[in-house]
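Please read the structure below before turning to the comments.
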Amino acid sequence: MKTIGKILSAFLLAGAAQAQSSFGSDDVSRGEAANGADSFDLTGLEPEDQTATGKFTTAAAVGPILEVTKSNWAAVREYDGKDLVYFSHIFSWRCGLKGAKYSVNDAPMQDLPMPDCHMKFQQPNSTLNDEALMTFHSHELGSIKSVRIDLMFDNLATQSTTLLREHIMIP
């Protein structure tokens, strides 16, 4: 029974590696980035090396995770008389991103500042010290109706989602 488990594990890992290695490659090679491409100027940019490091620091590694967790990219919380919009999930997978932008209620897109990756640590995606304060933005209470987020990965592929307040409210 252990042998079957090992074979199944190897099969699943090989499938995951294949999925990671090809993430976004069709979009980039055809010059057709997915939703969100209009938010970023790709002039002069080149895709970065996608060699796996085991630290989730490339589009190949974090892209599939972010793609299947789009509904978690932002959260809204009413706190201390304000709406707080959190981008904690994106920060957790920021290594492998070249940029991120967001918009509240269809306002113009703005850059989502993120801390650098901490490559000297085993978990380069960690948020250290005051960096956690960058994960949320404050707005007038009840004002957030929707949040659009556009991500550009280091392989120049893009992803986008728009989340409605009622689906991303947290206590």
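Sequence positions, counted from 1, serve as the residue numbers for this chain.
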Applying side-chain contact (heavy atoms from CB on, under 4.5 Å) to Lys101 and Leu112, what does each step give before you reach the verdict? CA-CA 5 Å; Lys101 296 188 179 219; Leu112 177 61; 5.9 Å; no

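- The heavy-atom pair separating Ala132 from Thr127 by the smallest distance is N-CB, 4.4 Å.
- Note: Phe56 and Trp93 have perpendicular aromatic rings, judged against thresholds of 30 and 60 degrees for the angle between ring planes.
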_Between Leu97 and Asp154, does the side-chain contact (heavy atoms from CB on, under 4.5 Å) criterion hold? Intermediate values first, please._
CA-CA 5 Å; Leu97 295 179; Asp154 63 9; over 6 Å; no

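- The CG atom of Leu164 sits 12.0 Å away from the OG atom of Ser71 when rounded to the nearest 0.5 Å.
- In terms of heavy-atom proximity, Ala157 sits nearest to Asn155 at N-OD1, 3.0 Å.
- Atom CD of Glu166 sits in a crowded spot, with more than 12 heavy atoms from other residues, nucleotides or ligands closer than 6.0 Å.
- Counting all heavy atoms, side chain and backbone alike, Phe91 lies closest to Pro113 at CZ-O, 3.3 Å.
- Follow the hydrophobic side-chain contacts under 4.5 Å out from Leu84 and you never reach Met114; the two are in separate clusters.
- Linking ILVMFWY residues whenever their side-chain heavy atoms come closer than 4.5 Å, directly or via other members, places Val85 and Met169 in the same cluster.
- For the pair Lys98 and Phe40, the cation-pi test (distance below 6.0 Å, angle within 45°) is failed.
- Linking Ile, Leu, Val, Met, Phe, Trp and Tyr whenever their side-chain heavy atoms come within less than 4.5 Å puts Val147 and Met134 in one cluster.
- The distance from the OG atom of Ser138 to the CD1 atom of Ile144 is 8.0 Å, given to the nearest 0.5 Å.
- Between the side chains of His118 and Glu131, at least one donor-acceptor pair of N or O atoms lies under 3.5 Å.
- Note that CD of Glu67 is 8.0 Å distant from CZ of Phe153, once rounded to the nearest 0.5 Å.
- One hydrophobic cluster, built from ILVMFWY side chains closer than 4.5 Å, holds both Leu163 and Ile65.
- Atom NZ of Lys55 has more than 12 neighbouring heavy atoms from other residues, nucleotides or ligands inside a 6.0 Å radius.
- Considering every non-hydrogen atom in both Ala59 and Pro64, the closest pair reads O-CD, 3.7 Å.
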*List the steps and the verdict of side-chain contact (heavy atoms from CB on, under 4.5 Å) for Cys95 and Asn125.*
CA-CA 6 Å; Cys95 301; Asn125 288 301; 2.9 Å; yes

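- Remark: the backbone N or O of Glu48 is paired with a side-chain donor or acceptor of Gln50 at under 3.5 angstrom.
- In this model, no donor atom of one side chain and acceptor atom of the other lie less than 3.5 Å apart for Gln159 and Asp150.
- Remark: Ile149 CD1 to Leu66 CG distance equals 10.5 Å, nearest 0.5 Å.
- Here Asn105 contributes atom CG and Arg148 contributes atom CZ; the two are 13.5 Å apart, rounded to the nearest 0.5 Å.
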#### Entry: Stepwise side-chain contact (heavy atoms from CB on, under 4.5 Å) check, Leu141 with Glu78
CA-CA 7 Å; Leu141 182 64; Glu78 295 177 354; 3.7 Å; yes

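- The aromatic rings of His137 and Phe87 sit perpendicular to each other, their planes meeting at more than 60°, with 30° as the lower class boundary.
- Side-chain atoms of His89 and Thr69 include a donor-acceptor pair closer than 3.5 Å.
- To the nearest 0.5 Å, atom OG of residue Ser160 and atom CE of residue Met109 are 6.5 Å apart.
- Residues Trp73 and Ile168 form no side-chain contact, since every pair of their non-hydrogen atoms from C-beta on lies 4.5 Å or further apart.
- A salt bridge does not link Arg94 to Asp116: none of the charged nitrogens lies less than 4.0 Å from a carboxylate oxygen.
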